[in-house]
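First the structure, in the form of structure tokens, and then the observations on it.
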Amino acid sequence: MNTQQLIDTAKELVAGDKGLLAMDESNPTCNKRFAKLGIPQTEETRRAYRELIVTTPGLAESISGAILYDETIRQKKRDGTPFAKALIEASIIPGIKVDTGAKQMAGHPGEKITEGLDGLRDRLKEYSLMGARFAKWRAVIAVGDGLPSRSALEANAHALARYAALCQEAGLVPVVEPEVLMAGEHSLERSVKVTGEALRNVFIQLNCQRVLLEGMILKPNMALPGLTCPAQETVNDAADATVKCLLRTVPAAVPGVAFLSGGQSAELASARLNAMNIRFKSHLPWALAFSFARAIQQPALELWKGEEANVSAAQQSLVHRARCNLAARRGEYTDAMERN
Ligand code: 13P
């Protein structure tokens, strides 16, 4: 394991106030998002959409790395350039989603366990040869009556740590993503509690598996009230709750925390990240960054609609959202940015 290389890559992923663009939707998820907008769900439309993203002019000014999906890392631009190479040429580090999805956890109704450890060592070798320098694995934690169970928290944390250790062995920086879902009526307080439990379990397991904390990125949810909770706290309250929770659970050795957006609107995700950085940036041990999928892509996808004529407008929207999030890392995001 080349320790220095892992440390350098992890630092590079959060340097310059940039963040990650998650464009690693599995085929079923990508198809679902296409279907809602009447876009045909074919390998070619998925390829064309990802080509739109990787060829967006100016994306690298705000995006340090892009997470690809297995199908996508094997696809090419129309001119024959593989997407991973196109990203490298644009000064964006290619990454790869390596879990094979969250499946029902046996004996645990309503809970999931993420799969993909079998054969992972060989897949990582292959992805590394294709140009990937970091990887992602997502665990999902549902909140509900009696949920999450202790066993779901432990099993998911264990899998995340096994994945992270294998990544580092292969020279890839693991992006460790335990996502506490927003679905449900739970309060902000409960989200803080469950997120804290999930993160504590994750770092216990990461330490057990001898993962180098300096050579990883944490990708957590923000602590937020459930989507159907009647009390929706202010942006500042959610920012305070999230940072308090992270300070209690995330070791200072971790170089960066890159949030997922989890179904928040693009504007709210930027505003909340901005509030955290305004209020806490100067006294935090880690960078507070972003690794959004929907909060960067959704407006662009809605503009594109599968039409060649809309490519440029969609690309402008992608750059705009990426810039808003760069500004949010600096605590300089404002409502006015959305009106320009
Ligand atoms: P969202 O930002 O849409 O939640 O996606 C992040 C992600 O990569 C999920 O694994």
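Small disclaimer: the values here were computed from a predicted structure and weren't measured. Order of listing sets the numbers, starting from 1, for every ligand and every atom in it. Atom set for the values below is all heavy atoms of this structure, side chains included, hydrogens, waters and symmetry mates excluded.
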- request: Please check if any side-chain donor atom of Arg272 sits under 3.5 Å from a side-chain acceptor atom of Gln264, or the reverse.
  value: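 Yes.
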message: Can you see whether Asp79 engages Thr81 through a side-chain donor-acceptor pair at a distance of less than 3.5 angstrom?
response: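 Yes, because at least one side-chain N or O of Asp79 sits under 3.5 Å from a partner of the opposite role on Thr81.
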Per [atom], closest listed option by heavy atom ([options]):
atom                    : options                      : result
atom 10 (O) of ligand 1 : Lys136, Arg33, Gln264, Glu25 : Lys136
atom 6 (C) of ligand 1  : Lys219, Arg294, Arg138       : Lys219
atom 2 (O) of ligand 1  : Ser261, Ala266, Gly263       : Ser261

field: Donor-acceptor contact present, side-chain Trp286 to main-chain Leu246, <3.5 Å
entry: no
Counting each atom of ligand 1 from 1 as listed, which ones have a heavy atom of [X] under 4.0 Å away?
X      : result
Phe292 : 2 (O)
Ala22  : 8 (O)
Gly262 : 1 (P), 2 (O), 4 (O)

- prompt: So which heavy atom on Ile93 is nearest to which on Phe134, and how close?
  reply: O-CE2, 3.3 Å
query: Tell me, which protein residue and heavy-atom name are nearest atom 5 (O) of ligand 1, and how many Å apart are they?
result: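 Result: Ala293 CB, 3.2 Å.
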task: Identify, for atom 9 (C) of ligand 1, the protein heavy atom at the shortest distance, and state residue, atom and that distance.
output: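 For this ligand atom, the closest protein heavy atom is Glu177 OE2, 3.2 Å.
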- request: Assess Lys97 for proximity to ligand 1: is some non-hydrogen atom of it under 4.0 Å away?
  value: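 Lys97: no contact with ligand 1 (<4.0 Å).
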query: Picking from Glu71, Glu51, Gln41, Glu25, what satisfies side chain to side chain donor-acceptor pair (under 3.5 Å) with Arg46?
result: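 With Arg46 as partner, Glu71, Glu51, Gln41, Glu25 yield a single side chain to side chain donor-acceptor pair (under 3.5 Å), made by Glu71.
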- prompt: Is Glu43 salt-bridged to Arg47, going by a charged N under 4.0 Å from an acidic O?
  reply: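 No, this pair does not count.
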task: Evaluate the side-chain hydrogen bond (donor to acceptor under 3.5 Å, both in side chains) criterion for residues Tyr333 and Glu267: first the C-alpha distance (whole Å), next the side-chain angles of each, then the deciding distance (0.1 Å), finally the verdict.
output: CA-CA 10 Å; Tyr333 170 75; Glu267 291 83 0; over 6 Å; no
